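Model, not experiment: these values are computed from the prediction. Each ligand, and each atom within it, is numbered from 1 in the order the structure gives.
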Amino acid sequence: MAAQFTIPEFENTSLDIIPALASNARGTFRTHKTKSLQWRLVQLRKLYWAMEDYKEQLLAALVKDLHKSNFESIIAEVDWVKKDCLFMIDNLEDFAKDEKLGAPAVPASFSLMKFRTRKEPLGTVLIIGPYNYPVQLLLAPLVGAIGAGCTAVLKPSEMTPACAMVVRELIEKRLDPNAFAVVNGGIPETNALMAEKWDKIFFTGSAQVGTIIAKKAAETLTPVCLELGGKNPAFVTKNANLALAARRLLWGKTQNAGQVCMSQNYVLIDKDIVPTFIEFLKESYKDMFPNGAKASPDLARIVNPRHFHRIKKMLDETKGKIVMGGQLDESELFIEPTAVLVNSVGDAMMQEESFGPIFAIYPVHSLDQALNIAASIHRTPLSLFSFGSKAENNRVLNEMTSGGATLNDTFFHGSVNSVPFGGVGDSGWGAYRGKASFDVFTHFRTVAETPSWADGLIRVRYMPYDWSRLRLLQRLTTQKPNFDRKGAIIKGFGYWTSLLLGLGGKGVKGAFLRWLFVLASGYATMFVLEKRRA
Ligand SMILES: NC(=O)C1=CN([C@@H]2O[C@H](COP(=O)(O)OP(=O)(O)OC[C@H]3O[C@@H](n4cnc5c(N)ncnc54)[C@H](O)[C@@H]3O)[C@@H](O)[C@H]2O)C=CC1
Ligand SMILES: CC1=C(/C=C/C(C)=C/C=C/C(C)=C/C=C/C=C(C)/C=C/C=C(C)/C=C/C=C(\C)C(=O)O)C(C)(C)CCC1
């Protein structure tokens, strides 16, 4: 049956109306209506149903733009955003409520001042999306913005024009049009948006464009959240389950045809196990693509000729040997999942971000060498993956940082919609997803409230300064350190008393439980002895 809808032709938003769209969103924020939790919940519920009702259009648009299979589009785009809406709806009240600030942040002497953290929406935000997950990576941040009580303007990627048009219609028709708008277009439109004043800019895309955005935002001291790319390493040692490592690493490059910023760029693998690993890769390839990758209905295509040629150039320039895949067809923008065995760290396959279905395999002598190579290629990648013994995996985690990490698998840490996700250093600033999506658009405002009747108690602050009052206050409140000038713990009377009272541990709760256990055991022993005696 023919689809009951048409996807509109891509249309740039007129540059003339961009200032008005931004100003409208700012004006709506100033009405304070977005501060009502009810209003936010209604917008989130509407977004949930919009995702359901526009599902067919979104799936069709994703096929048109990326040849993305409905299977992937459902789990990683449409259902992903629906789950995000439900998570935010279910937890919003909890996220948004004031948090009382007590000990240890607020000392007992200040406890009268009713310290609390109030969660305030930052204001009007700009969300700029990339092409690879054009629905998820644009609308998941929006869920956070709505939850936090912000108004927003969205700029989808122009490289996925069908998705951009469907998303625009969905937002314009279903959400409050005074609070949310979509601007479609490329650099001129983004520049026009960047000329406006925002309370936060949430950007997902390349480090190159992220730098442009951050520089421009800095001119007006606008905070930014940057979700950028990375040259992500995978480590495979002799202690890995090689068949599993091969299958899972191949999965990392087949999802969305490897156009996933958190998938591996290269695999650093113990030299002795390289041949077996390649055999397992080939085996997994056959399992996943029994008729070859090109014939598979599941494999996405490269987004456009520019990116096709960018990836092809890496394959053209490599001095390595293709050990799996290697087929390309420009007429279909098809690139086969491809593994290249390389022998130089300087190889294009190691140094450039693949962001496609190709990856390098580099044999190493030791984990030491692998860690040194990874750090020299990108010290702060978006993700890393380690397949080894528990000790080796821990060593990798300990000695190399990354935005997120998965042990014994590829990007599982980024495959659950409600756990925080973000980069580190030049792979990203800030995190979102789950509660972090609420937090990233929220100002955590500390509020204190001093009771009028307490003025006498805090008079010490007023001039003329009175040293005797200050000394008294210091005697009552100054905390003595439990360490000496060499940094060692002083094991004086206080130390031994608290150790004794805490039954060898720290913390009041722990001590209470330990005492409870001791008393219960004592009571039980007495009970048993009593019974025996009787
Ligand atoms: N950390 C993360 O969550 C993700 C990061 N990425 C990264 O994004 C890149 C691929 O996505 P792309 O869409 O190609 O990124 P991109 O950086 O080319 O484009 C992202 C957005 O910026 C806009 N843009 C492009 N050039 C611009 C300019 N000169 N001035 C202002 N705006 C401009 C585009 O219209 C688009 O909306 C890869 O590097 C990938 O690693 C992609 C997805 C997720
Ligand atoms: C164990 C039992 C169960 C559980 C089964 C589970 C947990 C199955 C998991 C399946 C998975 C992980 C499927 C894969 C999903 C892939 C996803 C969601 C891909 C997401 C892609 C994303 C988020 C891409 C983002 C891209 C970004 C950010 C980028 O480019 O940067 C049962 C079955 C529940 C019960 C029995 C026991």
Side-chain angles (χ1 to χ4, degrees), residues 12 65-66 68 71-81 83-84 126-138 140-141 154-161 163-164 167 182-195 201-217 225-232 248 251-252 254-263 265 300 302-304 306-307 310-311 352-356 378 381-383 402-404 406 409-419 421-424 426-433:
N12 284 336
D65 287 337
L66 284 154
K68 200 178 278 208
F71 188 95
E72 282 186 25
S73 295
I74 285 174
I75 56 173
E77 306 260 24
V78 179
D79 280 7
W80 185 281
V81 179
K83 278 199 237 168
D84 265 359
L126 172 62
I127 299 172
I128 303 177
Y131 74 79
N132 60 333
Y133 288 84
V135 179
Q136 182 211 137
L137 297 179
L138 188 75
L154 285 76
K155 215 298 283 169
S157 171
E158 73 282 20
M159 285 195 259
T160 39
C163 291
V167 165
V182 175
V183 166
N184 270 332
I187 296 177
E189 291 72 19
T190 315
N191 286 343
L193 283 166
M194 291 299 296
I201 298 172
F202 189 106
F203 172 84
T204 306
S206 62
Q208 190 199 355
V209 180
T211 308
I212 298 173
I213 300 289
K215 272 190 191 162
K216 183 73 188 157
C225 178
L226 301 176
E227 300 290 337
L228 310 174
K231 288 179 253 177
N232 309 315
R248 292 179 175 180
W251 178 75
T254 53
Q255 265 266 324
N256 204 29
Q259 296 164 106
V260 184
C261 67
M262 54 181 170
S263 70
N265 222 48
I302 306 305
V303 69
N304 60 25
R306 181 163 72 81
H307 278 283
R310 176 185 61 76
I311 301 168
E352 278 159 42
E353 188 190 4
S354 141
F355 208 62
H378 192 174
L382 184 61
S383 351
S402 62
T406 295
D409 208 330
T410 39
F411 66 78
F412 227 82
H413 69 274
S415 302
V416 173
N417 69 310
S418 45
V419 299
F421 177 82
V424 59
D426 62 357
S427 61
W429 297 354
Y432 74 121
R433 292 191 183 169

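Distance remark: protein heavy atom not present below 4.0 angstrom from atom 36 (C) of ligand 2. Put simply, atom 4 (C) of ligand 2 has no protein non-hydrogen atoms near it, under 4.0 Å away. Closer than 4.0 Å to atom 18 (C) of ligand 2 lies at least one heavy atom of the protein. There is no protein heavy atom closer than 4.0 angstrom to atom 19 (O) of ligand 1. Protein non-hydrogen atoms do not reach within 4.0 Å of atom 8 (C) of ligand 2. There is no protein heavy atom less than 4.0 angstrom from atom 1 (C) of ligand 2.
Residue S415 approaches ligand 2 through these ligand atoms, each under 4.0 Å from one of its heavy atoms: 18 (C). For ligand 1, the atoms lying closer than 4.0 Å to a non-hydrogen atom of I212 are 29 (N). Close approach of ligand 1 to P130 (heavy-atom distance below 4.0 Å) involves ligand atoms 11 (O), 13 (O), 43 (C). Per-residue contacts place L137 under 4.0 angstrom from the following atoms of ligand 2 (heavy atoms of the residue considered): 28 (C). Close approach of ligand 1 to L382 (heavy-atom distance below 4.0 Å) involves ligand atoms 1 (N). When each atom of ligand 1 is checked for a heavy atom of L137 under 4.0 Å away, the hits are 43 (C), 44 (C). Ligand 1 places these atoms under 4.0 Å from at least one heavy atom of F421: 3 (O). Which parts of ligand 1 touch E353 is read off a 4.0 Å heavy-atom cut-off, strictly below it: atoms 38 (C), 39 (O), 40 (C), 41 (O). Listed by atom number, the atoms of ligand 2 under 4.0 Å from F412 heavy atoms are 12 (C). Of all atoms in ligand 2, numbered sequentially from 1 with element shown, those under 4.0 Å from a heavy atom of N132 are 29 (C), 30 (O). Near Q255, meaning under 4.0 Å from one of its heavy atoms, ligand 2 places the atoms 16 (C), 19 (C), 21 (C). Annotation for ligand 1: atoms under 4.0 Å from non-hydrogen atoms of E158 are 34 (C), 35 (O). Every atom of ligand 1 with a heavy atom of E227 under 4.0 Å away is listed here by number and element: 1 (N), 2 (C), 3 (O), 4 (C), 5 (C). Within ligand 2, counting atoms from 1 as listed, the ones closer than 4.0 Å to a heavy atom of G414 are 23 (C). Within the listing of ligand 2, atoms 28 (C) sit less than 4.0 angstrom from a heavy atom of F421.
Using a 4.0 Å cut-off between heavy atoms, E72 makes no contact with ligand 2 at all. Heavy atoms of N256 found under 4.0 angstrom from ligand 2: none, in either backbone or side chain. Proximity of M159 to ligand 1, defined as any heavy-atom pair under 4.0 Å, is confined to the side chain (atoms from C-beta onward).
Atom OG of S263 and atom CH2 of W251 lie 9.5 Å apart (nearest 0.5 Å). Atom OH of residue Y133 and atom CG of residue L66 lie 9.5 Å apart, to the nearest 0.5 angstrom.
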* To do: Decide side-chain contact (heavy atoms from CB on, under 4.5 Å) for I201 and M194; before the verdict, give the C-alpha distance in whole Å, the side-chain angles of both, and the deciding distance to 0.1 Å.
  => CA-CA 9 Å; I201 298 172; M194 291 299 296; 3.6 Å; yes

* Working for side-chain contact (heavy atoms from CB on, under 4.5 Å), residues E77 and K68 -> CA-CA 10 Å; E77 306 260 24; K68 200 178 278 208; 2.5 Å; yes

* Does the pair F203 and L228 meet the rule for a side-chain contact (heavy atoms from CB on, under 4.5 Å), with working shown? -> CA-CA 8 Å; F203 172 84; L228 310 174; 3.7 Å; yes

* Hey, mind stepping through I302 and R310 against side-chain contact (heavy atoms from CB on, under 4.5 Å) and telling me if it holds? -> CA-CA 10 Å; I302 306 305; R310 176 185 61 76; over 6 Å; no

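Nearest protein heavy-atom neighbour of atom 25 (C) of ligand 2: M262 CE, 3.5 Å. Protein heavy atom in closest approach to atom 7 (C) of ligand 1: G205 O, 3.1 Å. Nearest protein heavy-atom neighbour of atom 29 (C) of ligand 2: C261 SG, 2.9 Å. Looking at atom 36 (C) of ligand 1, its nearest protein heavy atom turns out to be G129 O, 3.3 Å. The nearest heavy-atom contact from the protein to atom 15 (O) of ligand 1 is S206 N, 3.4 Å. Of the protein's heavy atoms, I75 CD1, 4.8 Å lies nearest to atom 13 (C) of ligand 2. Here the protein heavy atom with the shortest distance to atom 22 (C) of ligand 2 is Q136 NE2, 3.7 Å. Residue, atom and distance of the protein heavy atom nearest to atom 14 (C) of ligand 2 are W251 CZ2, 4.0 Å.
Taking only non-hydrogen atoms, the option from N256, N304, V209 nearest to atom 25 (C) of ligand 1 is V209. In this comparison of A76, G258, G205, the heavy atom closest to atom 21 (C) of ligand 2 sits on A76. The residue from L228, I128, N232 that puts a heavy atom closest to atom 1 (N) of ligand 1 is L228. Closest heavy-atom approach to atom 31 (C) of ligand 1 within the set T190, T204, L154: this belongs to T190. Looking at I213, I127, N132, it is N132 that brings a heavy atom closest to atom 42 (C) of ligand 1.
For ligand 2, the polar-atom distance check finds no N/O of R433 at less than 3.5 Å from any of the ligand's N/O atoms. On a distance-only criterion, A207 and ligand 1 share no N/O pair closer than 3.5 Å. Some N or O of Y131 is nearer than 3.5 Å to an N or O of ligand 1, by distance alone.
Using a 4.5 Å heavy-atom cutoff, the side chains of H413 and V419 are not in contact.
Separation of the Y131 and F355 ring centroids falls under the 6.0 Å cut-off.
Within the structure, ligand 1 has S157 among the residues with a heavy atom less than 4.0 angstrom away. Judged by the shortest distance from any of its heavy atoms, Y133 lies outside the 4.0 Å radius around the atoms of ligand 1. Within the 4.0 Å heavy-atom cutoff, G423 does not count among the residues contacting ligand 1.
The number of heavy atoms from other shown groups lying within 6.0 Å of CH2 (W429) does not exceed 12.
Between K155 and L193, the closest heavy-atom pair is CG-CD1, 3.3 Å.
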